[in-house]
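What follows is a set of notes on a single structure, which appears directly below.
Here the structure is a predicted model, which is why all the values come from computation and not from measurement.
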Amino acid sequence: MPTVGDIVRVMDSHYPPRLAEEWDKVGLSVGDPADTVTKVAFALDPTYEVVKAAIDSGAQMLITHHPLLLKGVNYVNAATPKGRIIHTAIRGNLAVFSAHTNADAARPGVNDELARLVGIVGDTVALDKQEESLDKWGVQFPAHGPVDEFLAELFAAGAGNVGEYSDCAFRIPGVGQFRPGEHSAPAIGNHGELETLDEVRIEFVGKRKDREAIRAAIYRAHPYEQPGYDCAALAPEPTRTGIGRVGKLKEPTRFEDFVRQVAHALPETAWGIRAAGDPDATIETVAVASGSGGSFLPVAARAGADVLVTSDLKHHVVDDHMAASTMCVIDTAHWASEFPWVHQVERVIAVELDVETTIISLVTDPWTIGMRKDS
C-alpha cells in the first residue's frame with residue numbers, strides 16, 4: 001500500500017512546489033509521511049466540514065487546492081477555527097495536503113481545466129508569460145572581427161537569456177557579399193565594387209521588451225555602416241508553465257451566448273456569474289485566470305483576448321478597465337472556477353497509485369444566497 005509520502009511525491013511531480021508563488025504555503029500541512037493510505041479524498045477547501053466528510057468516507061488523506069495554513073496562526077488549540085480542523089484531522093488519522101499556486105501554474109493544472117470547460121480548444125499560452133515573449137535575432141558579422149566583444153555588447157543589452165541560461169548564441173560560418181553605393185562609407189570594400197568576405201551569422205534570442213536596446217547595441221558595436229540583421233517574433237511556447245491561459249474558441253461566439261455557455265459549464269453556486277461588456281461583441285480569443293485574477297485584466301488585454309474569465313473582481317477595477325478597453329469580463333465564483341480541478345487531480349492519483357478515491361462535493365463557496373429584485 002502507498003504511504004502519505006508516496007502520494008506527496010506523485011503530487012510534487014505533477015504540481016512542482018517550485019512553481020508556487022513565494023507567499024504560498026503548499027505541501028503537507030498535517031500527517032506522517034510514513035503512514036499507509038488506502039483511500040484519498042479531494043476537495044477545494046480544507047474546511048472543518050470537508051475534513052469531517054473525508055474522515056467519514058474512510059479516507060486517510062485529503063488533497064485540497066487551498067492550503068490549510070496559508071496565513072500564519074499563533075495558536076492551534078481546538079477552540080480556534082484552524083486548531084479545530086487540525087485536531088479533528090489528527091484524531092481521525094487524516095493527512096492534509098495542498099497544491100495551490102503550483103497547481104495553478106502547472107500544465108495540466110487548474111487553469112487548463114478551466115480553459116477546457118469554457119470552450120478553449122487547441123494550444124494555450126500561460127497568461128502571466130505574455131510579457132516575456134521572445135524575438136529570434138540573426139546578425140552577420142565579419143568572421144575575423146571582434147566577435148566576442150560584439151556578443152558582450154548584445155548580452156549587456158539583454159540578448160541571449162533562455163530560461164536559467166545566459167550568454168546564449170549560435171554561430172554559423174558563411175560568405176557574405178555586398179556592393180557599396182556611391183554615397184556609402186564602407187568599413188570594408190570600395191564604392192561600386194562587389195565585395196565578398198568570410199562572415200559568421202550570430203543567432204540569439206531576446207525578450208520583446210528588450211528589442212530596441214538590442215537593436216541599438218547592434219548599431220553601436222558593429223563595424224559595418226549598415227549591419228545586416230533580422231529580427232522575428234517567436235510564437236509563444238504552448239507548453240510553458242505559468243498562471244492563467246490564453247487560447248481560441250472553436251468558433252467565434254456572441255458575448256452574451258458565451259456568458260451563458262460559461263454559466264452552464266461551471267459548477268453551480270448561489271449567485272452564479274456576472275459579466276461586463278457589449279452583449280453583441282464577438283468572442284474568439286479567451287483568457288482565463290482561476291481564482292482571484294483581477295490583476296490580469298491589463299495583461300489579458302495586451303495578449304489580445306476578447307474576454308477574461310476570472311473571479312473576485314472589484315467594482316472600481318472593472319469600471320476602470322471597461323473605460324480603457326473593449327475586452328469583456330466574466331466574474332465567476334472563486335470556488336466555481338477552481339473546483340473542477342479536483343476531478344483532474346483525482347485522475348492523477350487513481351492512475352498512478354493503487355488507492356481508492358473520493359471527491360468531497362460540498363460547495364464551500366462562502367456566498368450562500370443570490371437574489372434579484374422581483375420583476
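Classification of Asp210 and Lys207 as a salt-bridged pair fails, no side-chain N sitting under 4.0 Å from a carboxylate O. Arg179 and Glu195 are not joined by a salt bridge, as no carboxylate oxygen comes within less than 4.0 angstrom of a charged side-chain nitrogen. Under a 4.0 Å N-O distance rule, the pair Arg201/Glu199 does not qualify as a salt bridge. For the pair Asp148 and Arg171, the salt-bridge criterion is met [side-chain N within less than 4.0 Å of a carboxylate O]. A salt bridge is absent between Arg215 and Asp135; no separation between the charged side-chain nitrogens and carboxylate oxygens falls under 4.0 Å.
By the neighbour-count criterion of 12 heavy atoms within 6.0 Å, atom CG of Asp280 is densely surrounded, having more than that number from other residues, nucleotides or ligands. Enclosure of atom CD in Glu268 is not indicated, since only 12 or fewer non-hydrogen atoms of other residues, nucleotides or ligands lie within 6.0 angstrom.
Shown here for Val317 and Gly294, the closest heavy-atom pair between the two residues is CG1-O, 4.3 Å. Of all the heavy atoms in Phe296 and Ala289, the pair that sits closest is CD1-CB, 3.9 Å. Across all non-hydrogen atoms, the minimal contact from Thr310 to Gly291 is OG1-O, 3.1 Å. Taking each heavy atom of Ala169 and Leu151 in turn, the nearest pair found is CB-CD2, 4.0 Å. Nearest approach of Met322 to Gly277, heavy atoms of both residues: CE-CA, 3.7 Å.
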What pairs of donor and acceptor atoms, side-chain ones from residues 260-267 against any protein atom, are under 3.5 angstrom apart with sequence neighbours left out?
unit_1, atom_1, unit_2, atom_2, d
Arg260, NH1, Asp257, OD1, 3.1
Gln261, NE2, Val118, O, 2.8

Side-chain donor-acceptor pairs under 3.5 Å in residues 90-97, sequence neighbours left out?
none

Quick one: side chains of residues 36-53, donor-acceptor pairs under 3.5 Å with protein atoms, not counting sequence neighbours, listed by atom name and distance.
unit_1, atom_1, unit_2, atom_2, d
Thr38, OG1, Gln60, OE1, 2.9
Thr38, OG1, Gln60, NE2, 3.3
Lys39, NZ, Ser57, O, 2.7
Asp45, OD1, His66, ND1, 2.4
Asp45, OD2, Thr364, OG1, 2.5
Thr47, OG1, Val50, N, 3.2

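A continuous path of Ile, Leu, Val, Met, Phe, Trp and Tyr side chains, each step under 4.5 Å between heavy atoms, connects Ile330 with Leu249, placing both in one hydrophobic cluster. Hydrophobic clustering, with ILVMFWY side chains joined whenever heavy atoms are under 4.5 angstrom apart, keeps Ile63 apart from Ile85.
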Please lay out, stage by stage, how Lys248 and Val286 fare under the test side chain to side chain contact (heavy atoms under 4.5 Å, CB included).
CA-CA 6 Å; Lys248 299 280 189 179; Val286 176; over 6 Å; no
Glu346 vs Ile359, test: side chain to side chain contact (heavy atoms under 4.5 Å, CB included). Steps then yes/no.
CA-CA 8 Å; Glu346 182 199 32; Ile359 289 177; 3.5 Å; yes
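Here the OG1-CZ distance, from Thr357 to Arg347, works out to 11.0 Å after rounding to the nearest 0.5 Å.
Among residues two or more places apart in sequence or in another chain, the ring-ring contact (aromatic ring centres under 6.0 Å, His included) test is passed with His343 by Phe339. In this structure His222 satisfies the ring-ring contact (aromatic ring centres under 6.0 Å, His included) test together with Phe141, Phe150, Tyr224, sequence neighbours excluded.
Between the side chain of Arg274 and the backbone N or O of Trp271, no donor-acceptor pair lies under 3.5 Å.
Side-chain contact of Asp24 with Thr101: a donor-acceptor pair under 3.5 Å is present, judged by distance alone.
By the 30° and 60° cut-offs, the orientation of the rings of Trp137 relative to Phe204 is parallel.
Looking at Gln140 and Pro227, their side chains never come closer than 4.5 Å, going by heavy atoms from C-beta outward.
Annotation: salt bridge (charged side-chain N to carboxylate O under 4.0 Å, His left out) contacts involving residues 55-84, sequence neighbours excluded, are absent.
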